[in-house]
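Data first, discussion second: the structure below is written as structure tokens.
Numbered from 1 within each chain, the chains take letters A, B, ... in sequence-line order.
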Protein chains: 2
Amino acid sequence: MQSIAFIFYFCPNKIMNSKKITIHDIARKLNLTASTVSRALNNHPKISDATKKLVHNAAKELNYRPNTIAASLRRGKAKSIGLVIPRINRNFISNTISGIEKVTSENGYNLLICQSEESLEKEINNLKTLVNNRVDGILISISLETNTSKHIKTIINDGIPLVQFDRFRSDIETSKVINDNFQGAYDAVKHLIDKGCKRIAHFGGADIISIYAERIEGYKKSLIDNGLEVDPSLIFNKILNKEEGYKIANKIFDSKIKIDGIFAASDYSALGAMLAARERNIKIPEQIAIIGFANEPFTEFVSPSLSSLDQFGVEMGISAARLLIEKIESKQKEVIPKTVIIRPKLIIRESSK
Amino acid sequence: MQSIAFIFYFCPNKIMNSKKITIHDIARKLNLTASTVSRALNNHPKISDATKKLVHNAAKELNYRPNTIAASLRRGKAKSIGLVIPRINRNFISNTISGIEKVTSENGYNLLICQSEESLEKEINNLKTLVNNRVDGILISISLETNTSKHIKTIINDGIPLVQFDRFRSDIETSKVINDNFQGAYDAVKHLIDKGCKRIAHFGGADIISIYAERIEGYKKSLIDNGLEVDPSLIFNKILNKEEGYKIANKIFDSKIKIDGIFAASDYSALGAMLAARERNIKIPEQIAIIGFANEPFTEFVSPSLSSLDQFGVEMGISAARLLIEKIESKQKEVIPKTVIIRPKLIIRESSK
DNA sequence: CAATTTAATGCAATCGATTGCATTTATTTT
DNA sequence: AAAATAAATGCAATCGATTGCATTAAATTG
């Protein structure tokens with residue numbers, strides 16, 4: 001007796017870590033077949049309630065853990081969804097992931113997450129991994145480097161449901177969930193004009209990415225619709241972080257270019273501009289009104305607080321995941337690609353009041 | 001001819017979406033066996049270079065995609081790692097995930113992510129899902145609600161490698177990567193005292209979670225070591241967000257309690273306190289110096305900018321993932337549990353200068 | 001050149017759950 | 001009570017890759 005306790009005390013892992021229980025073990029114990037056990041566990045209608053109860057009890061007693069992998073192999077599907085995003089640690093993206101995870105887990109799907117780190121090569125590899133893992137569907141927001149749709153088309157031709165969200169390629173027919181970047185930009189610029197701005201600069205992203213191209217278009221259209229003209233020398237590309245925003249703002253202040261407003265495609269570049277202005281005692285919003293994009297958490301707390309456009313990240317993730325699951329689970333092969341457009345909401349704060 | 005082109009044009013999916021190629025298809029094409037093909041693809045030494053080349057070419061030509069699931073079933077392992085965290089969309093956590101994903105993907109593991117949403121019940125379910133998916137190992141940061149280790153012990157007894165990070169249970173022997181919360185708190189409070197504070201309040205979290213308990217202890221020890229005494233009426237628990245910080249600060253200001261410094265376990269509660277002070281024209285840091293915890297992005301941008309403790313999220317994720325993979329891949333069953341302690345770095349900003 | 005070693009490949013079982021079809025048992029109908 | 005129907009369970013193949021052991025072919029040795 002003593003020695004048994006002794007062994008248990010020192011090697012609990014070894015002792016307890018018995019081999020995994022399978023449906024065959026349960027079947028043997030109950031004098032049934034694996035098929036019956038399988039059906040009982042899956043609540044198949046043709047199995048009597050009595051046996052179901054027996055099986056469930058035995059499963060509990062033996063501490064049975066179903067082997068998802070085996071089931072996946074047999075079914076040819078893994079009940080899992082792959083997600084490819086540029087980076088996880090971005091406020092907006094982690095919000096979308098949160099929404100996605102909520103929906104997928106509610107529907108019994110596992111979520112496989114890959115970061116492309118803004119690299120096309122990694123993005124391609126990520127997709128390969130997901131295909132090899134036989135995911136039921138893929139959600140993707142493309143990298144900044146992605147200037148082709150070939151890899152994505154391959155996926156679609158393989159018959160794997162795919163939904164794009166946020167950053168997307170428009171030359172492929174997929175469902176997608178996107179922000180109305182045009183409208184957001186339009187609204188922001190209109191607001192600046194309403195506040196009296198006449199010379200509004202735009203700090204944009206890489207215009208090969210559609211979301212940034214659209215913001216530029218919205219900016220232009222808003223100017224024109226509101227009686228101002230587009231001055232190409234006020235449009236700056238690839239200004240997305242604080243440092244670049246700071247640099248460009250300083251460059252403008254040093255030059256002869258006069259501006260009284262900035263619409264930035266990123267809160268960070270807007271912040272950079274704010275800091276540059278502050279250093280020169282240029283009053284915000286009196287001398288320059290500023291609006292950013294994405295409604296990063298810090299925008300609320302800086303001073304002056306920064307006007308911005310909220311993108312509803314969680315909601316976007318939820319819709320994207322729902323669209324994908326709908327497509328996965330629809331019997332009829334052909335689901336008409338849907339585009340869900342979320343209109344960003346202008347949050348007016350001190351920087352443009 | 002015409003008609004073929006026609007068909008291709010209208011139904012590319014149907015045509016191209018042929019059944020998945022398996023190693024048997026490759027074998028058949030080359031007059032070999034599946035075993036040989038499998039070995040060739042895995043670069044087995046006993047297969048001649050000639051056949052390897054043949055197999056690889058055929059694989060490419062047929063657009064072969066290995067079925068990871070089948071391999072996983074056979075191997076009993078999925079080359080995947082499970083991650084359980086309270087929420088994805090928190091700056092610190094998304095940073096750790098980013099680090100984790102980097103390491104796991106570099107080592108050929110998939111990452112399965114689950115959110116517990118601060119619920120013990122969900123945390124338990126998450127673990128079940130991961131076990132059913134036969135993950136090779138698990139990384140976990142526990143929920144606020146988790147007041148037991150039973151579910152985690154089960155995992156360990158099942159022989160599944162598990163590493164805790166950030167929020168952890170100390171009554172289970174696992175490797176872990178944690179912040180030196182005691183030291184961080186100690187440093188922060190010492191800094192406040194050095195700046196002349198005599199009556200420092202602490203806005204803490206739930207003290208059943210060790211990281212918060214440690215911050216309290218560090219706070220106390222620092223007071224004592226530096227010749228001040230601990231006044232329990234200055235310690236407030238479960239004050240972790242802006243609203244609560246704002247509320248408690250106001251309560252203090254309304255009372256007879258005099259304070260000249262706040263060390264908060266969260267940047268958000270620190271911010272709430274800042275806003276409350278600002279409303280009453282209490283000068284920061286002259287009348288009250290404030291330090292937060294986590295170095296959230298906004299801390300740099302508020303004004304006055306908020307001193308805080310940086311937790312090195314990405315590095316923490318990297319270490320945790322490395323520890324886990326090391327454990328998974330070590331041949332000898334018994335790996336001595338290691339604890340990696342990352343010392344938070346005090347970032348001194350205007351709020352405590 | 002026979003005997004032995006080495007290299008390369010094949011055979012067949014296996015991982016664990018699922019599922020179409022067959023079979024048995026129980027129930028109902030005529 | 002025989003026949004027909006329904007209900008419950010069993011049989012056996014299957015999903016695709018891996019792997020220990022056997023086998024064949026080629027190379028080496030004495």
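For Gln115(B) and Ser98(A), the side-chain atoms include at least one donor-acceptor pair closer than 3.5 Å. For Ser38(A) and Ser35(A), the side-chain atoms include no donor-acceptor pair closer than 3.5 Å.
A residue-by-residue look at Thr33(B) and Ser35(A) shows that Thr33(B) has its nearest nucleotide of DNA chain C further toward the 5' end. Place Arg75(B) and Ile47(B) on DNA chain C by their nearest nucleotides, and Ile47(B) ends up nearer the 5' end. Between Thr36(A) and Leu73(A), the residue whose closest nucleotide on DNA chain D is further toward the 5' end is Thr36(A).
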In residues 107-114 of chain B, what donor-acceptor pairs under 3.5 Å come from side-chain atoms, sequence neighbours left out?
residue, atom, partner, partner atom, Å
Asn107(B), ND2, Val103(B), O, 2.7
Tyr109(B), OH, Glu329(B), OE2, 2.7
Asn110(B), OD1, Asn133(A), ND2, 3.0

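Residue-level contact check: Asn31(A) touches the backbone only, with heavy atoms under 4.0 Å from sugar-phosphate atoms and none from bases. Among the protein residues, Arg39(A) comes within range of the nucleic acid bases, having at least one heavy atom under 4.0 Å from a base atom. Nucleic acid contact class of Asn132(B) (heavy atoms, under 4.0 Å, all strands): none. Nucleic acid contact class of Leu32(B) (heavy atoms, under 4.0 Å, all strands): sugar-phosphate only. Thr51(B) comes within contact range of the sugar-phosphate backbone alone, with a heavy-atom separation under 4.0 Å but no base atom that close. Here Ser72(B) lies out of heavy-atom contact (under 4.0 Å) with every strand. Ser38(B) comes within 4.0 angstrom of a base, heavy atoms only.
If you walk DNA chain D from 5' to 3' and mark each nucleotide with an atom closer than 4.0 Å to a heavy atom of chain B, the marks span dG16(D) to dC21(D).
Side-chain atoms of His44(B) never come within 3.5 Å of backbone atoms of Ala40(B) as a donor-acceptor pair (strictly under, hydrogens ignored). Formation of a donor-acceptor pair under 3.5 Å by the Ser119(A) side chain with backbone atoms of Glu121(A) is found in this model.
When the side chain to side chain donor-acceptor pair (under 3.5 Å) test is applied to Asp171(A), the partners found at least two apart in sequence or on another chain are Ser149(A), Arg169(A). Under the side chain to side chain donor-acceptor pair (under 3.5 Å) criterion, Arg87(B) pairs with no residue, sequence neighbours left out.
One end of the helix from dC1(C)-dG30(D) to dT30(C)-dA1(D) points its axis 50° away from the other end's axis, with each axis taken from 5 pairs and the angle rounded to 10°.
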- Task: Give the intermediate values and the outcome of side chain to side chain contact (heavy atoms under 4.5 Å, CB included) for residues Glu117(B) and Glu123(B).
- Result: CA-CA 8 Å; Glu117(B) 295 182 346; Glu123(B) 188 172 286; over 6 Å; no
- Task: Please report the C-alpha distance between Ile88(B) and Ile93(B) in whole Å, then the side-chain angles of each, then the deciding distance to 0.1 Å, and finally whether the side chain to side chain contact (heavy atoms under 4.5 Å, CB included) criterion is met.
- Result: CA-CA 6 Å; Ile88(B) 294 170; Ile93(B) 297 182; 5.8 Å; no
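With respect to the salt-bridge test (charged N to carboxylate O, under 4.0 angstrom), the residues Arg167(B) and Glu118(B) qualify.
Between atom CD1 of residue Ile172(B) and atom CG of residue Leu162(B) there is a gap of 7.0 Å, rounded to the nearest 0.5 Å.
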Output one line per pair: protein atom, nucleotide atom from nucleotides 22-24 of chain C, and distance, for all N/O pairs under 3.5 Å.
none

